[in-house]
*Asks:* 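Dumping the structure here so I can ask a few things about it.
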Number of protein chains: 2
Amino acid sequence: MSVTMKDIAQELGVSIVTVSKVLRNHEDIGEETRKRVLKRVRELNYHPNLAARALVTGKSYTAGLIVPDLVHPFFAEVATGISRILRQKSYSLLISSSQEDPELEKQEIARLLSRRLDALLIASTQCTTAGFRPIVDQHIPFILLDRSFPDLRTNFVGIDDVKVGKIATTHLFSVGCRRIAHIRGVAVSTAIGRLEGYSQALTQHRLPTRHGYVVTGRSADSDSWSSGFQAMNQLLRLDPVPDGVFCYNDPIAIGAIDAILAAGLRVPQDIAVIGCGNLHFDKSLRVPLSSIDQQSVTIGERAAKLLLAIIKPKTPPRPRRVLIEPSVVVRDSTRRPG
Amino acid sequence: MSVTMKDIAQELGVSIVTVSKVLRNHEDIGEETRKRVLKRVRELNYHPNLAARALVTGKSYTAGLIVPDLVHPFFAEVATGISRILRQKSYSLLISSSQEDPELEKQEIARLLSRRLDALLIASTQCTTAGFRPIVDQHIPFILLDRSFPDLRTNFVGIDDVKVGKIATTHLFSVGCRRIAHIRGVAVSTAIGRLEGYSQALTQHRLPTRHGYVVTGRSADSDSWSSGFQAMNQLLRLDPVPDGVFCYNDPIAIGAIDAILAAGLRVPQDIAVIGCGNLHFDKSLRVPLSSIDQQSVTIGERAAKLLLAIIKPKTPPRPRRVLIEPSVVVRDSTRRPG
DNA sequence: CACGCTATAGTTAACGCTTAAGTAAACGTG
DNA sequence: CACGTTTACTTAAGCGTTAACTATAGCGTG
């Protein structure tokens, strides 16, 4: 079918091994032989069969990535960051989406495991850590992204979610909000961390914890908008009505803003809103949305670097936690006289 | 290292081939032996090494996808569609981003080729077809997505761009616009097709072709917003000013709307705007944006199905062109008394 | 009861590459 | 000039599978 080392070796009257060595820049090859081989390799546009190489070396030069949803810009950006770093080291990336379905995620883990990838990167939708057992059992290095599990000692790269909640809430405080509500996410680590940060900030600024001021966006990410819309309507029925809302993510925040506007109130004059994620269209929204930037590309890049680091050594080093710093991006939805 | 067929065979006192046959549901295996093997396979959580299998069968059960930009929702959705179909047939997807860089795209093609993938899917940023030569030479089935090349007879799946331009322009006409401008994209097939459709619609509705009414968004997709903003400013300096604008894509349209609003005009009362892509946040924009839906997920699904079809036969069937039907999604930016 | 048939296995050789070990020739050294 | 050393290669073995044969037993059949 396609050209092999054997073909090249026979044509040139050398052994297969000689060709192999030339291609891997092995030292003990004569200058002239090396040139002859390289010349023929170029002429035939030969590329070694990586499946064969993987079989004997045990390294596939491929990493696997499982995300809940490729369309979500956060994960798309993380993937882009990973891809950029891995490309430099000639690694490829097998991407698979779990569609926010824990069962599907487990299947994908199994599938990727049987490909003997060098490492796995997972932004998990699992609730428990049981699904990671097969990975641990097979001694495949892996890194969790974005969402972490307290009871699982493994590599993790993500944003410092407590800090996210803290700086978002503090920002609302600094623009004059005193009745700050929170539309939280479902019970994953990111939601818990941001809630924790929100609470810490309230305490720090000596604001009371009001009853009903924390509501949960009920549904999964795919339906964040309506989730935010409904949650905000719940908040609008409270007395006193909040004057600032920190939302778990941007789609929820957009839904919340739409609910506020639908109720005849103004953003940010009556209620200021801040989201999280800093989606790149935030500035073109009906009310340009203030947000917490999650440095998604950076998360991807750091994850990829960590991956390369843990692949190298024979015995994997002990798990590392990489926390990225969030930052506030101020737009109209919180821009009002302090 | 990890469990192999050999281990299982030895433990059970059968030959490796027997194990292999059981796993591939080969018929000539006794009921009892089959059960014994399957039992042990499950106990050990054994999964065959796909690299080894790929080496001998020549099929990697992996497809490659190259897109200009993973973060762009269109490509993310296409990838999701592809992924969904391929998953059902136990195929994996190696995704790689060319970052809108033709040179990088060529490198990625080379990289994917050396992995002996079963097929390639490419949404290309190339200007010429030269970059596809290596793929053709190696007889790897491949499918172009979204952007096509008139001088290359190959498989293609994408939207009917002429129709896109036609129905967008016709929609503007139907809401009362009589001076319809077009902010076109750079010289790829999609831009050309949409322009063609725009022209056809003008003719059909007996509208004059006005000088300067077609301007080009200069830059690449990554900077579409400012591109649309500037292009719209150009249109605003014309006399007469357009009363409707069909934009090559949604980010450009968002930029255009921002420019119109910045000039103190209203959307859609003074100028109606329609984009293309139907990004899922369109409804939450400052002015909710009418758009042409490109059925991106469907494009991905159809592409994946085509892929599975052309992989099967020994000799590849002749190239097919699959054109998806676009449709108008009406929102505020064109909602005005006809 | 020898025959071929069927069901159920096993044997052998490859897939394309890498790794380790081996070797022949040329070279330097005391 | 016998000895080790270096250079430049070759040979052999094997990575974990599968494809294509081959082998054996049990069985009905004419």
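The chains referred to below are lettered A, B, ... by the order of the sequence lines, with proteins before strands, and numbering in each begins at 1.
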*Asks:* B/T4 has a side chain; which of D/dC15, D/dT17, C/dC17 sits nearest to it?
*Replies:* D/dT17
*Asks:* Between D/dC15 and A/T57, is there an OP1 or OP2 to side-chain N/O distance shorter than 4.0 Å?
*Replies:* no
*Asks:* Provide, to the nearest angstrom, the distance between the CD1 atom belonging to A/I8 and the P atom belonging to C/dC17.
*Replies:* 8 Å
*Asks:* D/dA19 C1' sits how many Å from B/M5 CE, rounded?
*Replies:* 13 Å
*Asks:* Using heavy atoms to find the nearest nucleotide of DNA chain D for B/H26 and A/G30 separately, return the residue whose nucleotide is more 5′.
*Replies:* A/G30
*Asks:* Calculate the interatomic distance between A/D28 atom CG and C/dA21 atom P; express it in whole Å.
*Replies:* 14 Å
*Asks:* In whole Å, I'd like the distance from the CG atom of A/N49 to the C1' atom of D/dC15.
*Replies:* 13 Å
*Asks:* Less than 4.0 angstrom between a side-chain N/O of A/R24 and OP1 or OP2 of C/dT18, yes or no?
*Replies:* yes
*Asks:* Check step by step if salt bridge (Lys or Arg N to Asp or Glu O under 4.0 Å) holds for B/K21 and B/E27.
*Replies:* CA-CA 8 Å; B/K21 283 178 177 171; B/E27 54 185 8; over 6 Å; no
*Asks:* When all nucleic acid strands are considered with a 4.0 Å heavy-atom cut-off, which category describes B/I29: base, sugar-phosphate, or nothing?
*Replies:* sugar-phosphate
*Asks:* Would you mind reading off the distance between B/D7 atom CG and D/dC15 atom P, rounded to a whole angstrom?
*Replies:* 11 Å
*Asks:* Would you mind checking if B/E301 and B/K305 are paired as a salt bridge, meaning a charged N to carboxylate O distance below 4.0 Å?
*Replies:* no
*Asks:* Both B/E32 and A/I16 contact DNA chain C. Taking the nearest nucleotide for each, which residue is further toward the 5' end?
*Replies:* B/E32
*Asks:* When the nearest nucleotide of DNA chain C is assigned to B/A52 and to B/V17 on a heavy-atom basis, which residue is associated with the more 5' position?
*Replies:* B/V17
*Asks:* Just to confirm, is there a sub-4.0 Å distance from OP1 or OP2 of C/dC17 to any side-chain nitrogen or oxygen of A/Y46?
*Replies:* yes
*Asks:* Under a 3.5 Å distance rule, please check whether B/E105 uses its side chain to pair with a backbone N or O of B/T125 as donor and acceptor.
*Replies:* yes
*Asks:* When you measure from the side-chain N and O atoms of B/S15 to the phosphate of C/dT11, is any distance below 4.0 Å, counting only OP1 and OP2?
*Replies:* no
*Asks:* Ignoring backbone atoms, establish whether A/T18 has a side-chain N or O less than 4.0 Å from OP1 or OP2 of D/dT10.
*Replies:* yes
*Asks:* C/dT18, OP1 or OP2 - any side-chain N/O from A/S20 closer than 4.0 Å?
*Replies:* yes
*Asks:* Take the protein atom NE2 of A/H47 and the nucleotide atom C1' of C/dG16, then report the distance between them rounded to whole Å.
*Replies:* 16 Å
*Asks:* Rounded to the Å, how far apart are A/L23 CG and C/dG16 P?
*Replies:* 15 Å
*Asks:* Can you say whether a donor on the side chain of B/K21 sits under 3.5 Å from an acceptor on the base of C/dT8, or the other way round?
*Replies:* no
*Asks:* Is it true that a side-chain atom of A/D118 and a backbone atom of A/K59 form a donor plus acceptor pair closer than 3.5 Å?
*Replies:* no
*Asks:* Between B/K35 and B/E32, is there a salt bridge with N-O shorter than 4.0 Å?
*Replies:* no
*Asks:* Can you measure B/K6 atom NZ to C/dT12 atom P for me and round it to whole angstrom units?
*Replies:* 15 Å
